[in-house]
Amino acid sequence: MFDVVVFASGRGSNLAALLEAQRRGAPFAIRALLADKPGAAALDIARNAGVPAMAFSPRDFPDRAAFDRAMFGRAAEFKPNLIVLAGYMRVIDTAVIDSWRGKVVNIHPSLLPKYPGLHTHERALAAADAEHGSSVHFVTAELDGGPVVAQAHLTIEPGDTPESLAARLLPLEHRLIVASVELIACGRVALDRSGVRLDGKPLRRPLRLGDAGLAPG
Ligand code: GRF
């Protein structure tokens with residue numbers, strides 16, 4: 001089985017979507033949930049599904065690198081094929097993330113390379129963008145800057161607010177993260193030195209989420 005460890009900081013709805021996909025027979029198994037906040041709702045979602053869940057508090061560590069070494073070290077005990085950052089709100093130490101290259105993906109609520117970092121819905125509205133979306137990307141040392149695997153697109157409607165965009169985007173994000181992890185678990189998508197490959201060929205543009213799942217972008 002393709003083993004996955006999920007990192008989360010909060011609500012955990014993307015974790016719940018992955019767990020639901022697993023119950024329906026997706027080709028991966030969530031082996032553990034690690035949080036950087038002891039109160040994260042994601043911890044309860046994992047425990048209720050019988051998945052080991054544990055929190056580490058950054059305050060208990062001298063610096064970012066020590067914290068990240070502890071988190072990734074604990075994750076490594078589950079021998080994951082992939083770590084999924086699902087609403088994990090921390091920048092990861094460069095040396096730690098470099099040693100996991102190709103083994104960590106993140107879901108970010110913007111059409112990367114637009115709007116890395118925070119407040120993506122506000123920024124898309126302020127720029128009067130016609131569309132918004134979410135991206136799943138391999139994680140590198142550059143914040144929200146790693147190679148993108150797949151995106152979900154959302155048309156911005158007149159009257160949209162950050163809240164309405166977030167609400168419409170979330171169900172698309174759930175489908176996007178599940179479909180992306182499935183492709184990686186099947187061995188169809190991987191990161192090599194030159195970038196993302198799909199079925200062994202360079203992926204020139206991110207895959208795009210449609211009604212029937214992920215398709216060429
Ligand atoms: C999602 O919008 C994701 O794109 C962002 O944080 C949110 C996580 O939500 N990185 P949840 O904790 O999975 O419900």
Side-chain angles (χ1 to χ4, degrees), residues 4-23 26 28 30-49 51 53-56 58 68 71 75 82-92 97 104-125 129 131-140 142-156 160-182 184 206-209 214:
V4 174
V5 169
V6 178
F7 286 12
S9 300
R11 177 177 57 179
S13 71
N14 283 283
L15 167 69
L18 289 164
L19 287 166
E20 178 57 26
Q22 180 182 330
R23 274 192 288 272
F28 56 78
I30 311 292
R31 298 301 185 196
L33 180 278
L34 271 60
D36 63 330
K37 293 202 169 58
L43 289 159
D44 289 330
I45 292 173
R47 287 183 187 124
N48 289 338
V51 170
M54 57 223 79
F56 288 76
D68 290 342
M71 282 286 281
L82 186 71
I83 293 177
V84 177
L85 310 185
Y88 183 65
M89 304 302 289
R90 284 182 63 82
V91 175
I92 295 163
I97 201 64
V104 184
V105 292
N106 178 44
I107 181 159
H108 178 76
S110 79
L111 293 174
L112 292 171
K114 278 190 164 182
Y115 316 132
L118 298 174
H119 309 302
T120 58
H121 311 313
E122 287 85 345
R123 289 155 74 193
L125 288 169
D129 288 350
E131 63 170 8
H132 187 41
S134 182
S135 307
V136 170
H137 66 95
F138 283 103
V139 180
T140 61
E142 190 189 340
L143 176 68
D144 299 322
V148 177
V149 174
Q151 295 181 318
H153 293 245
L154 179 70
T155 301
I156 298 184
D160 259 329
T161 62
E163 293 73 27
S164 69
L165 280 183
R168 286 215 308 291
L169 191 56
L170 194 62
L172 297 178
E173 293 199 280
H174 297 160
R175 291 177 50 220
L176 181 68
I177 190 69
V178 167
S180 301
V181 174
E182 279 180 353
I184 297 168
L207 297 168
R208 186 178 175 124
L209 186 70
L214 290 178

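Note that the structure is a prediction, hence the values are computed from the model and not measured. Counting convention: from 1, in listed order, for ligands and their atoms alike. Nothing fancy with the numbering, it's 1 onward along the sequence.
Using a distance-only test at 3.5 Å, with no hydrogens or angles considered, no donor-acceptor pair links the side chain of Arg175 to the main chain of Ala17. At least one donor-acceptor pair closer than 3.5 Å links the side chain of Ser9 to the backbone N or O of Met89.
Between Val104 and Tyr88, the closest side-chain pair of non-hydrogen atoms is not below 4.5 Å.
Sorted by chain and number, the residues within 4.0 Å of ligand 1 by heavy atom are Arg11, Gly12, Ser13, Asn14, Gly87, Ile107, His108, Pro109, Glu173.
The ring-ring contact (aromatic ring centres under 6.0 Å, His included) check on His132 picks up His121, with sequence neighbours excluded. Evaluation of the side chain to side chain contact (heavy atoms under 4.5 Å, CB included) rule for Ala150 yields Leu176, Ser180, Leu207, Leu214 as partners, not counting sequence neighbours.
Legend: salt bridge (Lys or Arg N to Asp or Glu O under 4.0 Å) pairs involving residues 6-21, not counting sequence neighbours, sorted by first then second residue: Glu20-Arg23, Glu20-Arg24.
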